[in-house]
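Heads up: the structure comes next, in structure tokens.
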Amino acid sequence: MSNTNEAAGGEARIGKDFIRTIIDAHNQDGRYAGRVHTRFPPEPNGYLHIGHAKSICLNFGLAKEYNGKCNLRFDDTNPSKEEQEYVDSIQEDVRWLGFDWEDRRFFASDYFEKLYAFAEQLITIGKAYVDDLSAEQIREYRGTLTEAGRNSPHRDRSPEENLDLFRRMRAGEFADGERVLRAKIDMASPNMIMRDPTLYRIKRAHHHRTGDAWCIYPMYDFTHCLSDAIEGVTHSVCTLEFENNRELYDWVLDTLGQFPERPYQYEFARLNLTYTVLSKRKLIQLVTEKLVSGWDDPRMPTISGMRRRGYTPASLRDFCERIGVSKANSLVDFALLEHCVREDLNATAPRVMGVLNPVKLVIENYPEGQVDEFDMPFHPEDESMGSRVVPFARELYIERDDFMEEAPKKFFRLAPGREVRLRYAYYVTCTGVEKDAEGNITEIRCTYDPETKGGWSKDGRKVKGTLHWVSTAHAVPAEVRLYDKLFGVENPAGEKDADFRDLLNPDSFQTVSAFLEPCLATVEPGWSCQFERLGYFCSDVRDHVPGKPVFNRTATLRDTWAKIAQKQS
RNA sequence: UGGGGUGUAGCCAAGUUGGCAAGGCAACGGGUUUUGGUCCCGUCAUUCGUGGGUUCGAGUCCUACCACCCCAGCCA
């Protein structure tokens, strides 16, 4: 069995955000001659999460909407944190989300030689200098938020001396941290970023792509704007924390002055989700401290975790579309994400039966050894999804929760003397229960009405409940994993100084053995379905073993079960 | 108490040159239903962080204040 997701379609937009307004304005006034070129620039220092999905959908979505292009560029200027494993996973995740960078996969490290040449130019025109101050001294000289900084004693070296020193930095004549290249801007600038920012540092670390070819590495602020310019990017869209960096972005491009149609930076608010940590530092901590099974643990907010859990690319794209793009810091309700998966899965997931918490149901008047076969549709509203045959016998499993010995009036399912429908099979009436020495129900007895074959009554009598069921003799034993939120509190990131690990939900994961209908023995990894009334499940991508299904619960149907239980008590 | 940003419903979020405050999620009520699901129908901002001002008319303009976020990495 297989069900796959289509590639990123052109879903309708909810409302127009400020970035689209800006692009429209540029298209009006003729800037870039109508060209729209964006980029998604992750640092390969971790796996992508749902927050990145927002940026991916924005950047690739903008390009698609305006018939433009979007590059995938790895911002790999800090060799000590970056790894090939991360670039591989990032590429896989972007593709899985349904986006295509075509032949435009770049690395900032592709530009190291060019960047170095730009740095020499800056030195030549007297706009950059080599500083001998230590990191601590530079911090002291920088001043504070309210006091201006002081110039470094090395600030006025001649371009010739700076050039010589910078070349020797590259040649490896100095130790790590001994010297840096700094932009010569303004140590009294009210914008801290502009107080002679570091452009290059000496760092002997193995780079995942350039190996040991370099011992000096360019900093983000120098690299990013130039990479954008080199690639012909028009709209460089990043998150709010870079607002202060925009002045430097402009300074570098303008003082080099070689990019007549240069890119400009625009910022939007990053995603915050209730119950969810989206800080890479914390996510990596969950992985390295083995608080989760890995980056793709189904409880993780990573793209790979969500994929394994059974979220579909379309549902994630829809979510990103619905949350909108603005500059206001916000905290999106997890319920919206849930709604998006449910909406997609409701239309696309086949309906099958599985019993998670089984109790035996014996039909007293059903002949022993007899087997009925019912042809059951995979989807009640979509005939094109076809059907499968499900065997029915005298002894079945039903959900333990679907029976109550002393049931309140509002309980619609099975209870002594009450009649319910076994889905697509027969009406049955409970005649009694059998218990063990401790008084636990071991078996429920009932009789069936042969006249109700298929689940319809000819005399027009109605039943309030419809139960899912599985024949004990034909059932496929399976492992089902029920996941809850990893964090039991609304916004674990909100508590600034608290250790977020204290907020982990101890009940975030539970494994149960279940009984499924026979057709589920043949599912493929990643196949999603809805177990009638129990929620949406996805056959585990990673732990898939043919014939021995393992399912992760993607989403519950709704919270109504809790409410029903509450009303009944 | 430096600079840069942001405040529209419980949560997101549209709001054009000032002219009756979109939409989605959540919630609540009703109908359909062989999933207590889905679907359908209805309700949900006399008010836009606050106070002044301009105007026939202000979420939009002016003004003063308040709250929150970001910046003192040789991280990105």
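Proteins come first, then strands; the chains are lettered A, B, ... in the order of their sequence lines, and each starts at number 1.
Distances shown here put a side-chain N or O of A:Ser326 below 4.0 Å from the OP1 or OP2 atom of B:A13. For A:Arg142 and B:G73, the shortest distance from a side-chain N or O to OP1 or OP2 is below 4.0 Å. In terms of phosphate contacts, A:Thr77 brings a side-chain nitrogen or oxygen within less than 4.0 Å of OP1 or OP2 of B:A76. OP1 or OP2 of B:C74 lies within a sub-4.0 Å distance of a side-chain N or O belonging to A:Thr198.
The residue A:Asn245 sits close to a base: some heavy atom pair falls under 4.0 Å. Within the nucleic acid shown, A:Val332 comes within 4.0 Å of sugar-phosphate atoms alone, with no base atom in reach, counting heavy atoms only. Base engagement by A:Gln530 is indicated by at least one non-hydrogen atom pair under 4.0 Å involving a base atom. When heavy atoms are screened at a 4.0 angstrom cut-off, A:Ser330 is found touching the sugar-phosphate backbone but no base atom. Residue contacts shown for A:Glu532 include a base, since a base heavy atom lies under 4.0 Å away. Within the nucleic acid shown, A:Tyr217 has no heavy atom closer than 4.0 Å to any nucleic acid atom.
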Quiz prompt | Strand RNA chain B as a dot-bracket string - pairs counted if Watson-Crick or G-U with both distances under 3.5 Å, | where the partner lies in another strand | solution = .((((((..(((......[...))).(((((.......))))).....(((((..]....))))))))))).....
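In the model, A:Tyr141 has no side-chain atom that pairs as donor or acceptor with a side-chain atom of A:Asp196 under 3.5 Å.
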Enumerate all atom pairs, one protein N or O and one N or O from nucleotides 38-45 of chain B, separated by less than 3.5 Å.
from: B:U38; atom 1: OP1; to: A:Arg558; atom 2: NE; distance (Å): 3.1
from: B:U38; atom 1: O2'; to: A:Asn346; atom 2: ND2; distance (Å): 3.0
from: B:U38; atom 1: O2; to: A:Glu381; atom 2: OE2; distance (Å): 3.2

Each nucleotide N or O in nucleotides 3-5 of chain B that has a protein N or O under 3.5 Å away: list the pair and distance.
from: B:G3; atom 1: N2; to: A:Asn244; atom 2: OD1; distance (Å): 3.0
from: B:G3; atom 1: N2; to: A:Asn244; atom 2: ND2; distance (Å): 3.3
from: B:G5; atom 1: O2'; to: A:Glu243; atom 2: OE1; distance (Å): 3.3
from: B:G5; atom 1: O2'; to: A:Glu243; atom 2: OE2; distance (Å): 2.8

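Look at CZ on A:Phe40: it is 16 Å from P on B:A76, rounded to the nearest Å. Residue A:Glu140 contributes atom CD, which lies 15 Å from atom C1' of B:C74 at whole-angstrom precision. The interatomic distance linking A:Ile193 (CD1) with B:G2 (P) rounds to 18 Å, in whole Å. At whole-Å resolution of the value, CG in A:Leu273 and C1' in B:C25 are 12 Å apart. With rounding to whole Å, A:Lys203 atom NZ is found 16 Å from B:G73 atom P.
The pair A:Arg73-A:Asp110 does not count as a salt bridge, with every side-chain nitrogen at least 4.0 angstrom from each carboxylate oxygen. Look at A:Arg322 and A:Glu343 and you find a salt bridge, because one of the NZ, NE, NH1 or NH2 atoms lies within 4.0 Å of a carboxylate O, short of that distance. Ion pairing between A:Arg413 and A:Asp401 fails under the 4.0 Å rule for side-chain N and carboxylate O.
For B:C28 and B:C71, the C1' atoms lie 45 Å apart once the distance is rounded to whole Å. Nucleotides B:U38 and B:G29, compared at atom P, are 15 Å apart to the nearest Å. Taking atom C1' in both B:A14 and B:G23, the straight-line distance is 7 Å, to the nearest Å. Between B:G59 and B:U50, the two C1' atoms lie 14 Å apart (nearest whole Å). Only the C1' atoms considered, B:U46 is 11 Å distant from B:C20, to the nearest whole Å. Taking atom P in both B:U60 and B:G52, the straight-line distance is 14 Å, to the nearest Å. Using atom C1' as the reference point in both B:U55 and B:C61, the two lie 10 Å apart (nearest Å). Rounded to whole Å, the separation between the P atoms of B:U47 and B:G24 comes to 23 Å.
Every side chain to side chain contact (heavy atoms under 4.5 Å, CB included) that A:Glu147 has, sequence neighbours left out, goes to A:Thr144. Annotation: side chain to side chain contact (heavy atoms under 4.5 Å, CB included) contacts of A:Ala205 (sequence neighbours excluded): A:Pro79, A:Lys203. Judged as a side-chain hydrogen bond (donor to acceptor under 3.5 Å, both in side chains), and not counting sequence neighbours, the contacts of A:Asn78 are A:Ser80, A:Arg201. The salt bridge (Lys or Arg N to Asp or Glu O under 4.0 Å) test applied to A:Lys184 returns A:Asp156, not counting sequence neighbours. Judged as a side chain to side chain contact (heavy atoms under 4.5 Å, CB included), and not counting sequence neighbours, the contacts of A:Ala514 are A:Leu356, A:Val480, A:Leu516. Residues satisfying the side chain to side chain contact (heavy atoms under 4.5 Å, CB included) criterion with A:Lys453, sequence neighbours excluded, are A:Asp372, A:Phe374, A:Tyr426. Applying the side-chain hydrogen bond (donor to acceptor under 3.5 Å, both in side chains) criterion to A:Asp449, with sequence neighbours excluded, gives A:Arg461. When the salt bridge (Lys or Arg N to Asp or Glu O under 4.0 Å) test is applied to A:Arg139, no partner is found at least two apart in sequence or on another chain.
Residues from residues 128-139 of chain A placing a heavy atom under 4.0 Å of any atom in RNA chain B, listed by number, are A:Leu133, A:Ser134, A:Ala135, A:Ile138, A:Arg139.
Looking at every heavy atom in both residues, A:His52 comes nearest to A:Tyr47 through CE1-O, 4.2 Å.
Mapping A:Lys464 and A:Glu241 onto RNA chain B by nearest heavy atom places A:Lys464 closer to the 5' end of the strand. Between A:Lys54 and A:Tyr424, it is A:Lys54 whose nearest contact on RNA chain B lies nearer the 5' terminus.
The six-membered or imidazole ring of A:Trp469 lies near that of A:Phe392, with a centre-to-centre distance under 6.0 Å. Ring centroid separation for the pair A:Phe166 and A:Tyr116 comes in under the 6.0 Å cut-off.
With a glycosidic angle further than 90° from 0, B:G37 counts as anti.
When each of B:G36, B:C25, B:A76 is scored by its nearest atom to the side-chain atoms of A:Phe411, the top-ranked nucleotide is B:G36. For A:Leu145, the listed nucleotide lying nearest its side chain is B:G2; candidates were B:C74, B:C25, B:G2.
Geometric assessment of A:Arg209 against the ring of A:Phe107 yields a positive cation-pi assignment under the 6.0 Å and 45° thresholds.
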